[in-house]
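What you see below is based on every heavy atom in this structure, not just the backbone, and it leaves out hydrogens, waters and symmetry mates. Order of the sequence lines sets the chain letters (A, B, ...), proteins ahead of strands, with each chain counted from 1.
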Amino acid sequence: MEAAISCNNLVKSFGKGSSSQTVLNGINLDLSAGELTIIAGPSGSGKTTLLSILACTLRPTSGFAEVFGQNIAQLTNAQMARLRRHDVGFIFQQYNLIPALTAAENAAIPLIIAGAPYDKAVEAGRRVLGKFDLTEHSHKYPRQMSGGQQQRVAVARALIHKPRLVICDEPTAALDAKSGETVMQILSDIAASKNRLVIVVTHDHRIFHHADRLVEMNDGNIVSNPDQHNYARIA
Amino acid sequence: MQKIALRMLWADTGKSLAMVLGIAFSTLLMAQQAAIFFCLMNNTASHITAAQDVDVWVSDPRSDYFDDPGSLPQGLLNSVRSVEGVEYAVPFIRGQVTVDSPNFVEQAILIGIDPITKLGAPQKMIEGSLDALKASNVFAVDKRGYSDIWPNEDIVLGRFLEVNNHRLKLVAVVDPPSPFISMPLIYTGFTTAYGVTGNQRPSFILVRITDGQNAVGLSAAIAERTGYVAQPSDDFAKSTVAYYMKNTGIPINFFITIVLGFVVGLAVVAQTFYLFITENIKNLGVMKAMGATGWQLTQMTLLQCALVAGIGFSIGIAGAAWFFETVPNSVTAFKGFYLPWEVYLNTAIAILGISLFAGLISIQRAIRYAPAEVLR
């Protein structure tokens, strides 16, 4: 299968001169659509930086990172924004729902950003919330919902525009075990049934069994990168 | 995106209200003070602009403005009349007198006009007729002056007033535009005025030109013929206003207040809006991560600013309009004051500047915010 994401000798450094700090040290990675990939590792291992580059929010310092055939290093800010707008969905650790908007409006944000009429986008938001059993909560504000419900709204928001890549930053960190399991099951199903690539950065060992591929990082390097067939041995 | 911007704005009631009130206060202060200044400066020339049918004012070269009248020789009148294009020319006296009544001993302004042509006379009458000024030792007074001299009394013609120890009979009450100097205005025929002031020389000569003549050209001809200053009415009004602008502290005082209104509005709105953006920076970052462009975020911010500015301006300008609708009717010092369209326009431009500055300064933070920040 052709790789949806391909990284070759990817390096990312922050700062200049003597204060420069290299966070990624020559990452090589190929990820395919239809997979749920978990990137794990201790704090400071570089997993969030790698995720940021794969999410087209950060450019590498050197090396090659290609997302759906586009070389990230060569894209302008506007091109990166367009790629994110159409092909990337985001799920954040703290949900990052906009407090002033209802669940349906929050879910509709990617469509609104892409230029869809507001009312149609919110209606689509209501429909997609229905798929996550949140129809009766669609008019509620984030403060009126539980953490699990908010994260499901965030998942709905990440998927509403049918992105090819779903980026998840610690999606279960703020959830109890049951809610976390529900969210991961949804993400796992999405990867499998919609032929999308789902990348999850997490510390949460409880959800490793959902991974089709588990990438472990340490000190800016990938220390193990098995596929599903041998991931269980590592977990 | 616009609806999201509005929902985010109104969700923060405290800051929205602070910004609206900041703009409203700034608008009220700037519009009200600017309009008062505008009307006050217009009043310095109100005698000139309200003078009926006067085309050209001839004055002493040593006289800078209306309230600093010169003393012209009697013979000058005939010299002016002899200039081709002058239909008629009449003396006009502007003096200061003491009026003495049972309730009132104060200074007043005496205006002596030609009662035949009524050139330079006020146009609005309350009681009586200016034709009555053809008689000797009679006078007309402005409505406000009447209230000062005979407070709380109905207008009664035929009563007497001592003016510079001359007993004059009231024959008319007029309603001229407010003068800059708050004193009663006593109108008499010029012969009575000569007698009352004890000065047989006119302060100005007022000229009516023949049809087809040009006031500017004729003014130049009169000046050349007589050696005195001759100006079309508009120019004399402008030079009178300019004198007050240049030689009094009024403009700088009003300017300081208006600038303070601008600065207070700018400080309140810019600071509050910056805080609003700072508190929403993560939400804006999330939208940026999802592909929102800097221009989309700028549009959102400008819309928020425009709405706050629009509501605040409406409240502030409504307050100023209410002031000028009600206060001039009850407070004599503000009689005739109004809110000119120039003040509306310039205040709107100032508020637009404030909101644009606040918006563009604040949005810089969101534009510089890297989308990768939301993943940290």
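The CD1 atom of Ile4(B) sits 5.5 Å away from the CG atom of Leu101(A) when rounded to the nearest 0.5 Å. Leu111(A) CG to Met290(B) CE: the interatomic distance, rounded to the nearest 0.5 Å, is 11.0 Å.
Residues of residues 6-28 of chain B lying under 4.5 angstrom from chain A, judged on non-hydrogen atoms, are Arg7(B), Met8(B), Ala11(B) by number.
When the shell of 6.0 Å around CD of Glu325(B) is examined, it contains 12 or fewer heavy atoms from other residues, nucleotides or ligands. Taking a 6.0 Å sphere around CD of Glu123(A), one finds it holds more than 12 heavy atoms contributed by other residues, nucleotides or ligands. Sparse packing is recorded around NZ of Lys143(B), with 12 or fewer heavy atoms of other residues, nucleotides or ligands lying under 6.0 Å away. Atom CZ of Phe255(B) has 12 or fewer neighbouring heavy atoms from other residues, nucleotides or ligands inside a 6.0 Å radius. Around atom CD of Gln2(B), no more than 12 heavy atoms belonging to other residues, nucleotides or ligands sit under 6.0 Å away.
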*asked:* side-chain contact (heavy atoms from CB on, under 4.5 Å), that's the test. Do Lys3(B) and Glu105(A) meet it? Break it down for me.
replied: CA-CA 10 Å; Lys3(B) 282 196 180 176; Glu105(A) 289 170 326; over 6 Å; no
*CA sep, side-chain torsions, deciding dist, call: Val286(B), Ile98(A), side-chain contact (heavy atoms from CB on, under 4.5 Å)*: CA-CA 9 Å; Val286(B) 166; Ile98(A) 295 178; 5.8 Å; no
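With a 4.5 Å cut-off on non-hydrogen atoms, Ala370(B) does not touch chain A at all. Interface remark: Asn96(A) contributes backbone and side-chain atoms alike to the contact with chain B (heavy atom separation under 4.5 Å). Neither the backbone nor the side chain of Leu83(A) comes within less than 4.5 Å of any heavy atom in chain B. Interface residue Asp119(A): only side-chain heavy atoms are found under 4.5 Å from chain B.
Of all heavy-atom pairs between Ile112(A) and Met1(B), the closest is CG2-N, 3.3 Å. The nearest pair of heavy atoms linking Lys288(B) to Arg84(A) is O-NH2, 2.9 Å. Here the closest heavy-atom approach between residue Asn283(B) and residue Pro99(A) is recorded as ND2-CD, 3.7 Å. Counting all heavy atoms, side chain and backbone alike, Gln296(B) lies closest to Ile113(A) at NE2-O, 2.9 Å.
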